[in-house]
Each structure stands twice: as C-alpha cells, then as structure tokens.
Amino acid sequence: MKYDFDHVIDRKLGKCRKWDNKILKEKFGLNENAIPMDLADLDFECSPAIKKAMVDRAALGDYGYTYAYDEYYDALISWNKRRFHVDIKKEWIKLTFGTCGTLHYIVQCFCKPGDAVMINTPAYDPFAEAVEHGGCRLICNSLKLENMRYYLDFETMEKQMVEEKVKLFIFCSPQNPSGRVWTKEELHRLSELCIKHNVLLVCDEIHRDVIFDRASFTTLWNAHEEIADYSIMCVSPNKGFNLGGLKSSYIIIKNKEIRECFLAYLQKVYVTSPHVFAIPAIVAAYNKSEEWLDELTQYISENFEIVYEWFETHMPKAKVMKSDSSFLAWIDMRDVFENEEEITRFFTEANISMVIGSYFVADGENWVRLNIGTQKSILKEALSRIGEVYARWEKKER
C-alpha cells in the first residue's frame, strides 16, 4: 500500500467528539483509556491531497464568506460520472451542509403534518427524527432477515404505501447499519413502486464511497430510467473521506419542479454560504484522492475479515453480518445476552463504546453496531478486550 493506514493519530488533540474523554465518560461511563466504536467517522488521517488543500487554504489567513465556485461543481460532476457512471448537471446540485439536517428540511418541505413517511428498519435513528419532528407519521417497513442478510419486503411495502397513503420514502443505499448493497433489480423494483404510488423517493447514498466490490453497487438513478424525476439524491464525501466536521453534504435533484420547490424552502430556512474549508476539501477529495480511497477501502475490508474470523473463533454465538460496504459491523447478540441492559454492561466493562441495536428505530433490539474504521492495532485491542470480558462472564453469574 502507498498510504500508511496503520499510523495512529491522536484524535483527542482536535477535540474529536468520538474520542473526547468527557463525552465518553458522560455518555457511556467509560474512562480515558476507552476505545470508541460508536460514532460513524474514521480514525485515519485524511488523504495527503485533502490535508494539503486545507493547509494551503488556511495559510491565506482569510476566512470570510465564500461560495460554491465552478471547481466545486466540476469536481462533483466528474466524480459522479467517473465513479458511479451517472451524468448530472450543475443546476441539479445544492450544497446543504449535512444529510441529517437536509432530511428534516425535505420532510418539512414536501409533507404536511400527519402525512405518512416510510423508512426501512432497522434504520439510522435521525431518519425517524426527521419524520417525527416534521409532525408526520412514521411508517416502518421491516427488512426481512434471511441467513444473516437483509432483503426488501416489497409486498408489505406496497401494501403500506397504499393503506397508509405514503407521501415520501427515506431510503438508505448502502444500508446503515448493515452495509447491505442493494442490487440493481431491487432498486428497480423499489423505483417502480414509488412511481406507481406517487411516492417521493429520498435516497441517502452517503456510504457509497466505501464499497468492497464496486461492480456490485448501482446508484439509484442507474437502476430505473424514470426514477430521477421522482427522487432526491443525498450524497456526501463525509464517510469515505472523513470530512464530517466540514458539513460538506449535498443533494442532487433532476426534476425541476421538485428542485425549485426545495430551493425555495431552503431560502426560508436561510441555508446560505458554505464552510470556507468545505469546498477545497471536496475538490481535493474528488479530484486527487481516488487512489487513497481505494486503498482505504481495501484496508477496511481487511478489518472486516479480522472481525469475522475473531467472532467465529472466540465468540461464535455472536453473529456478524457480512457487509458489502462502509466500516460499520452489525452484530447479532441475541444468543449471547439476555437483553440490551446486559449488552451495555458488557461493553462498559470492556471500556468500549458502541451503538446499541434499539437505537435503530425498530428490528434491531439486542444487536450492536461497532465502527471498525480504525487502525488494526486499535481494532485488535478492542477485540482482545471483548474476549477478556467474555471469558470472565462465561465463568461467573452475570
């Protein structure tokens, strides 16, 4: 590998929320030696190109208001064409600073209080928050779990769309927390249902940059020739390039009527000029960091293999779902622990933070999500701690 992903950086120095001692103590009851595996960002230094772009920009000493200039749009258009084989136009793009906030805006713009909004569960909790804070009804369509892999339940989905009069569908591709990459056929069938029942499909593709078999991934707009006119794409360099603190997410809307409606709403809530460092960071990520991303993806795929083998060998009752993407391990603990209170006590004793399954709205109870987007030395230390606590627990009453 050209890049050293084994190099450990001290993320506490930058007041990183994930590694902050105060937050780890208050939120999880952990001490200063804790290993955080909850928040979904990476522990690696950004690509050299991004780092240089930040240093060069900072050296100017001018941090006034900026705007999304041509280099930004050119980078986005080129990246989407090169990496995902989709043609987009400048006027379809809008920088929105964060996907979670954007979902709130979308729900409030296109739905009235009492309207039904669908999500698949288990789901990232801010999906549900966007629906509920918008005064809408949350419709959960449970993913089908078969042989430790999730599948879409199209029959129930269509029934719910009709009976609940679903107005909008927030869909995650690849899926969080499982890392499932949906097939082109699955996305086509989903698109057909949304078009048939006039459901606005909001597709969150923020985890699409880290795909272990890139040929397996189909961006939504390449799955159905008409769905671009019935959907909003939520995209972000934040996961793959670790730029979460720069609020550099964006949306792509082809349909002019939908786009103009949403842009008018954004004017009401005053979404204005971008973060002064976000634009150079995105340009450097998309134009000069592709090789870095490919090596990062390979490194994380190796981390998954370590996790699969470790649990099969040392904790076989826990089942790790095979992931197609991202850096989040989704682990079924139902045969290991009696309840989530016990799971929480276990990880607290191991001095590791994690995300408990019930956080994911529904259908995730007694599962655990662990962020393994870290150096192998840290990952192996975390697994060692889990093994030590598990050995103690197996020898005594819980």
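Here the structure is a predicted model, which is why all the values come from computation and not from measurement. Residue numbers run from 1 in the order of the sequence given.
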Side chain proximity check, Leu143 to Leu152, heavy atoms < 4.5 angstrom: yes

When you measure from the centre of the six-membered ring of Phe84, is the NZ or CZ of Arg208 under 6.0 Å away and within 45° of the axis? yes

Search all heavy atoms of Pro274 against all heavy atoms of Ala68 and return the closest pair with its distance. CG-N, 4.1 Å

Just checking Phe5 against Trp292, ring centres under 6.0 Å apart? yes

Please name the pair of heavy atoms, one in Leu30 and one in Ser353, separated by the smallest distance, quoted to 0.1 Å. CD1-N, 3.5 Å

Are the side chains of Asn141 and Ile139 in touch, meaning some heavy atoms are under 4.5 Å apart? no

Does the ring of Phe346 carry Arg392 above it, NZ/CZ under 6.0 angstrom from centre and within 45° of its axis? no

Would Trp310 and Tyr390 count as a ring-ring contact (aromatic ring centres under 6.0 Å, His included) here? Give the steps. CA-CA 13 Å; Trp310 189 91; Tyr390 186 61; 8.1 Å; no

Are the aromatic ring centres of Tyr3 and Phe44 under 6.0 angstrom apart? no

Determine the minimum heavy-atom distance between Lys18 and Asp43, stating which atoms define it. NZ-OD1, 3.1 Å

Yes or no on salt bridge (charged side-chain N to carboxylate O under 4.0 Å, His left out) for Lys22 and Asp20, after CA distance, side-chain angles and deciding distance? CA-CA 6 Å; Lys22 182 172 181 280; Asp20 187 81; over 6 Å; no

Count the heavy atoms belonging to other residues, nucleotides or ligands that lie under 6.0 Å from CD of Glu302, then report whether that count exceeds 12. yes

How far does CZ of Arg149 sit from NZ of Lys322, to the nearest 0.5 angstrom? 10.5 Å

